[in-house]
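Read through the structure below, which is laid out as structure tokens, and then see the notes.
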Amino acid sequence: MKFYFPDSQDMVSPSYDFVNDEYAPHRVRQRDDVYAHEIVKPVPYDGLLVSKAIVDGSVRGAGKYSTPQRERLYRLGVKRFFRLEAGMATLGDCGAFNYIDEERPPYEVEEVLDFYEDCGFDAGISIDHIIFGYLPLGSPEPPNPAWVQRQEISLGLAEEFLAAVRRRGEKIQPVGAAQGWGPESYADSVARLQKMGYQRIALGGMVPLKSHEILACLQAIDEVRKADTELHLLGINRVDSMKEFASHGVTSFDSTSVFRQAFMDDRHNFHTTTDSFTAIRVPQVDGNPTLKRMILAGAVSQADAITGERACLRALRAYDQGTASFDEAMEALRVYETLVLPPNKKSYLPAYEHTLRSAPWRTCPCKLCHDHGIEIAIFRGTERNKRRGFHNLSVLEAKISTIPFV
């Protein structure tokens, strides 16, 4: 089972100063900052998925690449740009979430294929149009006509895409995008893509589905899937179900979920193979928008906030080094949270108690936890938060490596 990590230009600076919360004066982001595969060992994913919408932008506006970055990607190619190790796979797609509200995808087949070939991807997914809707097997309810239209658009573009790949000499592996609204429609898409000539098929639009609904679709696909057809799950990470998914022809998936949970989830920020922990929130007085608004509104004293912030960081570091007690660290957190926690938020202190008593970074084998200690468990700024996300990727890799797929 191969895991592809979707690129969103997530990098960290190896020289970042955590004590003073500042970058090195001569740091150049693209030259000096590193990706997860450069700082986490073993590499926590098998390859990268890069979306055209992220690089070139779409109807929703510019992508996440600056003009110099975009030009550099096209000039160097995806493997040199990302400094990938030998053997790491690359997969391109269009980023269909970025044009979900449009009647048709905003790209033409030729320009998408130009993107895949010019950047040197190993494989590229045909243009698709996401269907967000689900009807269980045997449902008497008719599908929304818009769903049917989106399926036909996706299949029509897949046929054009495969013809263009062959006409150009098959410089990439073509991956057909299958969209559906339930088991029968996904099976129909797969059957039609196979008839066109696709041997690798990406199943899209399944992110909102529960695991048993995904399995129902895979079981229906089994009825039409050829023995040599490989399936990819777009945006899906269900580790507990991966062995069963693999038994239905799934050979790869992509997801950012564990990475994003490091800073997007309210509680489950720091993962281990058996548990998850809440990261300790120490918002920056001069960098946290919510806290800055509270200070400007007069709800929080800036001087008190600065004092509390510094006291928290000192106490947490001292606790990690064994020179402060658990009670001292918790008291500093209590004082700062009382000052800065918005009135509509539930206290994090019970969760912090679990995190501090367990101190999972002390027993974690990953290099990030070894190098940074408690800093990686502090919810504060992109450098700590993304490192924690990279740590979560290493945990996901460890979980996948223990699954007996054979």
Side-chain angles (χ1 to χ4, degrees), residues 49-60 91-118 121 123-135 142-209 217-218 220-221 223-226 228-235 249 254:
L49 181 146
V50 183
S51 294
K52 180 174 171 60
I54 294 291
V55 176
D56 293 331
S58 70
V59 291
R60 290 192 176 183
L91 177 64
D93 82 345
C94 294
F97 279 98
N98 289 274
Y99 52 82
I100 189 170
D101 296 327
E102 301 301 308
E103 287 190 16
R104 285 187 61 87
Y107 304 127
E108 298 296 331
V109 166
E110 295 295 337
E111 67 174 310
V112 169
L113 195 47
D114 284 343
F115 170 66
Y116 294 159
E117 291 182 352
D118 291 349
F121 287 97
I125 301 173
S126 63
I127 307 169
D128 61 335
H129 216 10
I130 293 177
I131 298 169
F132 276 141
Y134 183 79
L135 296 177
N144 186 319
W147 302 349
V148 178
Q149 182 182 29
R150 284 181 174 232
Q151 184 188 50
E152 291 302 321
I153 288 171
S154 298
L155 290 169
L157 289 169
E159 190 166 21
E160 290 181 36
F161 180 77
L162 185 58
V165 169
R166 288 170 171 170
R167 188 170 58 249
R168 293 188 182 197
E170 300 196 41
K171 298 174 185 174
I172 62 159
Q173 179 191 28
V175 182
Q179 289 287 339
W181 54 86
E184 300 105 320
S185 57
Y186 273 108
D188 178 57
S189 284
V190 169
R192 292 168 67 180
L193 288 166
Q194 288 180 143
K195 189 175 181 180
M196 293 174 199
Y198 283 101
Q199 291 184 306
R200 189 176 181 192
I201 295 171
L203 306 179
M206 289 187 165
V207 172
L209 302 189
C217 294
L218 291 173
I221 290 169
E223 300 297 318
V224 300
R225 179 174 56 84
K226 296 178 181 179
D228 59 350
T229 297
E230 298 182 347
L231 301 179
H232 177 95
L233 295 179
L234 285 164
D254 69 85

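Using a 4.5 Å heavy-atom threshold, the side chains of Met206 and Leu234 count as separate. Taking 4.5 Å as the limit, some side-chain heavy atom of Val207 sits within range of a side-chain heavy atom of Phe97. Leu135 has its side chain within reach of Trp147: a pair of non-hydrogen atoms, C-beta onward, lies under 4.5 Å apart.
The heavy-atom pair separating Ala164 from Val109 by the smallest distance is CB-CG1, 3.9 Å. For the pair Tyr99 and Pro105, the tightest heavy-atom approach, listed with the atom from each and the gap, is CE1-CB, 3.6 Å. Taking both residues in full, the closest heavy atoms of Ala53 and Asn98 are given as CB-ND2, 3.5 Å, listed atom of the first, atom of the second, then distance. Here the shortest heavy-atom pairing between Pro208 and Gly205 reads CD-O, 3.5 Å. Across Ala96 and Asp128, no two heavy atoms sit closer than the pair CB-OD1, 3.6 Å. The minimum heavy-atom distance between Ser126 and Ala177, with the atom names listed, is OG-N, 2.9 Å.
Under the side-chain contact (heavy atoms from CB on, under 4.5 Å) test applied with Ile201, the options Arg225, Glu230, Gln194, His232 reduce to a single match, Gln194. Applying side-chain contact (heavy atoms from CB on, under 4.5 Å) to Arg200 and the options Val175, Ile125, Asp228 leaves one that passes, Val175.
To the nearest 0.5 Å, atoms CG (Asp56) and SG (Cys94) are separated by 10.5 Å. The structure places CD1 of Ile221 at 4.5 Å from CG of Leu203, a figure rounded to the nearest 0.5 Å. Ile131 CD1 to Trp181 CH2: the interatomic distance, rounded to the nearest 0.5 Å, is 5.5 Å. Atoms CG and SG, from Leu233 and Cys217 in turn, are 10.5 Å apart once rounded to the nearest 0.5 Å. The CG atom of Leu162 sits 12.5 Å away from atom CG of Leu157, with the distance rounded to the nearest 0.5 Å. With values rounded to the nearest 0.5 angstrom, Ser189 atom OG is found 12.0 Å from Glu184 atom CD.
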For this session: Quick one: do Val50 and Phe121 satisfy side-chain contact (heavy atoms from CB on, under 4.5 Å)? Show the steps, please.
Result: CA-CA 9 Å; Val50 183; Phe121 287 97; 3.7 Å; yes

Exercise. Does the side-chain contact (heavy atoms from CB on, under 4.5 Å) test come out yes or no for Ile100 and Phe132, once each step is laid out?
Worked result: CA-CA 9 Å; Ile100 189 170; Phe132 276 141; 2.9 Å; yes

Problem set entry | Worked check of side-chain contact (heavy atoms from CB on, under 4.5 Å) between Arg168 and Leu113 | CA-CA 9 Å; Arg168 293 188 182 197; Leu113 195 47; 3.5 Å; yes

Problem set entry | side-chain contact (heavy atoms from CB on, under 4.5 Å) between Leu193 and Leu155, intermediate numbers included | CA-CA 7 Å; Leu193 288 166; Leu155 290 169; 3.8 Å; yes

Exercise. Can you list the steps and then say if Glu160 with Arg167 is a salt bridge (Lys or Arg N to Asp or Glu O under 4.0 Å)?
Worked result: CA-CA 10 Å; Glu160 290 181 36; Arg167 188 170 58 249; over 6 Å; no

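Judged by distance alone, the side chain of His129 and the main-chain N or O of Gln149 form no donor-acceptor pair under 3.5 Å.
You'll find the ring centres of Tyr107 and Phe115 outside the 6.0 Å limit. Taking the six-membered ring where the residue is Trp, the centroids of Tyr134 and Tyr186 are separated by 6.0 Å or more.
Atom CD of Glu111 is surrounded by more than 12 heavy atoms from other residues, nucleotides or ligands within 6.0 Å. Within a 6.0 Å radius of CD in Glu152, other residues, nucleotides and ligands contribute more than 12 heavy atoms.
Gln179 and Arg150 share no donor-acceptor pair across their side chains, judged by distance under 3.5 Å alone. Using modelled atom types and a 3.5 Å distance limit, the side chains of Gln151 and Ser185 yield no donor-acceptor pair.
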